[in-house]
Amino acid sequence: MTSWRSQVRSLLIPPILLFLLSEIRGENNLADIRVRFAPSPTGYLHIGGARTALFNWLFARHNDGRFILRIEDTDRERLKEDSVEQIISSMRWLGLDWDEGPDVGGDYGPYFQSQRLGIYLKEIRRLLDEDKAYYCYCTQQELEQRRQQAVKEGKAPRYDGRCRNLTVEEQQSLREQGRNPVVRLKVPTKGVTVVEDVIRGTVTFDNALLDDFIIQKSDGMPTYNFVCAVDDHAMEISHVIRAEEHLSNTPKQLLVYRALGYNAPVFAHVPMILAPDRSKLSKRHGATSVEEFRDQGYLPEAIVNYLALLGWSPEGDQEMISMEECAKQFDLAKVSKNAAIYDTKKLTWLNGNYIRSIDIDRLVDLSIPFMRQKGLLPEQISPDMRDYLKRVVAAVRERTRTLVELADACSYFLTDDFEFDEAGVKKHFLKEGVAELLEKGRSVLQRLDKFDAASTEAAYRALIDELGIKGADIIHPTRLAISGRTVGPGLFDMMELLGKEKTLDRMARAIEYIKKLA
RNA sequence: GGCCCCGUGGUCUAGCGGUUAGGACACCACCCUUUCACGGUGGUAACAUGGGUUCGAGUCCCGUCGGGGUCACCA
């Protein structure tokens, strides 16, 4: 929109009026909060990116602003197939919806940088014409050589600016050698560039340490630090909220802003998320992508909750907090400065809390794919089956922390095909007289008409009294007999869920098994 | 290596000159209990370090050390 707006302006409005107009409007009207998440499609959305996206989202929602998704795909070499789709689906899954972006559109599009080339080229042309940028004919090999030389001499590997003042003739002859030039920005050699960062405060960079960096590659593609500034301006981004690794890029972008005559947005560099070994997140650290966490049975609300707590904290001692509540409370100034190491343990704890507290029907829906994966479910789920699943899930949710664990905890309710837990066999089946005990238990159960938890428990308690044994003496072996496990829901709840027939069958089977053990 | 950022228990954090340094995860113990969880109670455990400033410093300043980031025709 800025592009057409400025085009229209420059066509129709005399310069003096234009000046007044921009004064009145203010390029940086803070009343219009616009933030963006700008991933490059080189892979999955990892939790660091997700957290950056989340903070942008929270800030936008808190301020009733707009959240924009922009795809930074100017490097076609590193572009990965399906990556955009992956990122989009991960964000949607987490509930991070955007107001403008690919697939939803918006007034400031296109939202793929690869489709915005015209805008960049125009601005590069302008800088060239205004003598704020110049062509550089040095080849990559030459630059690499000089860089290595500098490093060897212990000097900073900076571009020496040798092409800054080439004459037309010199340029002509270099072109005739078949050299494709890059475009470099003329960076002031003196003074400082100051970044005002909401999170970090005032950060000062010495211009002398910067070099004339490349804004357009020899293949004609503009570079990141350039397009980023151009787009943030063109899309009227008010606040740039991104990871701290970009802090040292910021002076470069500020220089682009200055050269182009733009007003700068407000910057906020959020701390990085580090792997448990304190290094930058990568695949070798195991699950780091949102998709992997999803596949491990984590709920989106747990991940969002966890990520929000990493580097930010709500009022009071609240740990469980919804996205909406986060948005209500979110404040950039309260974002921590130090990098955080992510710890799956707390995520898992949160996830367990959510598994226990979300709506049961939703929990069933969420766990069905995980049960399917274990081959526990038929193609079609009948209403009766669904009802049964609901009761099973309700019984086991208390003691599971991920959907994978949940599906596992459901398994013996859905299949007769299970082994007896090895340690459990040693502990409960090898005891003297267990088979007989189970026989007795089985026969009192067999006489029951009603087979709900209360009835089976009453029957068992009567037997326990009669035999003068401890409840645990028969309860543990029975549990192992009907579930194959030593842990799980209350025994009588299990019986009720399984029903009389299965309970008795499994007990009979266990009795046979025990007899063979002897 | 230069530049930049950061430094409260193992981990995430609260703290914004005067606190017995609070909470959460994890860990340990006990209680509840048919198991496992949940829940409850209690516990172990931190201001990196050395100088300043101040009546008084986790909080402010400087040095040191440690960690991270960045120095590309990647983003």
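In this text the structure is predicted, and so the values were computed from the model without any measurement. Below, read A as the first sequence line, B as the second, and so on, with proteins coming before strands; counting in each chain starts at 1.
Nucleic acid contact for A:Gly311: sugar-phosphate only, since backbone atoms but no base atoms lie under 4.0 Å from a heavy atom of the residue. Across all strands, A:Tyr306 comes closer than 4.0 Å to no nucleic acid atom at all (heavy-atom distances). Counting non-hydrogen atoms under 4.0 angstrom, A:Ala340 reaches the backbone sugars and phosphates but no base. Among the heavy atoms of the strands, none lies under 4.0 Å from A:Thr348. Residue A:Gly471 is out of contact with every strand shown, counting any heavy-atom pair closer than 4.0 Å. Residue contacts shown for A:Pro489 include a base, since a base heavy atom lies under 4.0 Å away. Among the atoms of the strands shown, only primed sugar atoms or phosphate atoms (P, OP1, OP2) are found under 4.0 Å from some heavy atom of A:Leu309.
A 3.5 Å limit on both hydrogen-bonding distances identifies no Watson-Crick or G-U partner for B:U54. Nucleotide B:U19 is matched to nothing when pairs are restricted to Watson-Crick or G-U wobble geometry with both distances under 3.5 angstrom. As the counterpart of B:C3, B:G69 is assigned, both hydrogen-bonding distances of the Watson-Crick or G-U wobble pattern falling under 3.5 Å. Nucleotide B:C30 forms a pair with B:G40, judged by Watson-Crick or G-U wobble geometry with both contacts under 3.5 Å. Under the Watson-Crick and G-U wobble criteria, each requiring two contacts below 3.5 Å, nucleotide B:C25 is paired to B:G10.
Salt bridge status for A:Asp211 with A:Arg184: absent, with no side-chain N to carboxylate O gap under 4.0 Å. Here A:Lys427 does not pair with A:Asp421 in a salt bridge; the nearest charged N to carboxylate O distance is not below 4.0 Å. A salt bridge links A:Glu245 and A:Lys280; the closest N-O separation between the charged side-chain nitrogens and carboxylate oxygens is under 4.0 Å. Taking 4.0 Å as the cut-off between side-chain N and carboxylate O, A:Asp212 and A:Lys186 do not count as a salt-bridged pair.
We find that CD of A:Glu457 is positioned 12 Å from C1' of B:U33, with the value rounded to whole Å. Atom OH in A:Tyr159 sits roughly 21 Å away from atom C1' in B:G2 (whole-Å rounding). Remark: C1' of B:C38 and CE of A:Met320 are 13 Å apart, rounded to the nearest angstrom. When rounded to the nearest whole Å, the span between CG of A:Leu350 and P of B:C38 equals 13 Å. The NZ atom of A:Lys346 sits 15 Å away from the C1' atom of B:C27 (whole-angstrom rounding). Rounded to an integer number of Å, the gap from A:Asp421 CG to B:C36 C1' is 12 Å.
Between B:U8 and A:Asn338, a contact under 4.0 Å exists linking OP1 or OP2 to a side-chain N or O. When the side-chain nitrogen and oxygen atoms of A:Thr486 are compared with OP1 and OP2 of B:U35, none of them lie within a distance under 4.0 Å.
Aromatic ring pairs are classed by plane angle as parallel below 30°, tilted from 30° to 60° and perpendicular above 60°; the pair A:Trp312 and A:Phe330 is tilted.
A distance of about 16 Å separates the C1' atoms of B:A48 and B:U59, rounded to the whole Å. The separation of B:G68 from B:C30, taken at their C1' atoms, amounts to 42 Å, rounded to a whole angstrom. Nucleotides B:A72 and B:G58 have their P atoms positioned 42 Å apart, rounded to a whole Å.
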Whether each nucleotide of nucleotides 43-49 of chain B has a protein heavy atom under 4.0 Å at its base (B), only at its sugar-phosphate (S) or at neither (-) is summarised, 5' to 3', as -------
List the protein contact pattern of nucleotides 60-75 of chain B with one symbol per nucleotide (5' to 3'): B for base contact, S for sugar-phosphate-only contact, - for none; contact means a heavy-atom distance under 4.0 Å. -------SSSS-SBBB
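In terms of position on RNA chain B, the residue among A:Glu319 and A:Arg200 whose nearest nucleotide sits closer to the 5' end is A:Arg200. Between A:Arg479 and A:Tyr342, the residue anchored closer to the 5' end of RNA chain B is A:Tyr342, taking for each the nucleotide with the nearest heavy atom.
A:Gln113 pairs with exactly one of A:Asp231, A:Asp75, A:Asp73 by the side-chain hydrogen bond (donor to acceptor under 3.5 Å, both in side chains) rule, that one being A:Asp231.
A donor-acceptor pair shorter than 3.5 Å can be found between the side chains of A:Gln329 and A:Glu325. A donor-acceptor contact under 3.5 angstrom links the side chains of A:Arg175 and A:Tyr137, judged on distance only. With 3.5 Å as the limit, one finds no donor-acceptor pair spanning the side chains of A:Asn225 and A:Thr223. Side-chain contact annotation: A:Thr250 with A:His269, donor-acceptor N/O pair under 3.5 Å present.
Among the nucleotides B:C4, B:C25, B:G23, the one closest to the side chain of A:Phe205 is B:C4. With B:U35, B:C5, B:C38 as the candidates, the nucleotide lying closest to the side chain of A:Arg356 is B:C38.
At least one donor-acceptor pair closer than 3.5 Å links the side chain of A:Asn207 to the backbone N or O of A:Lys190.
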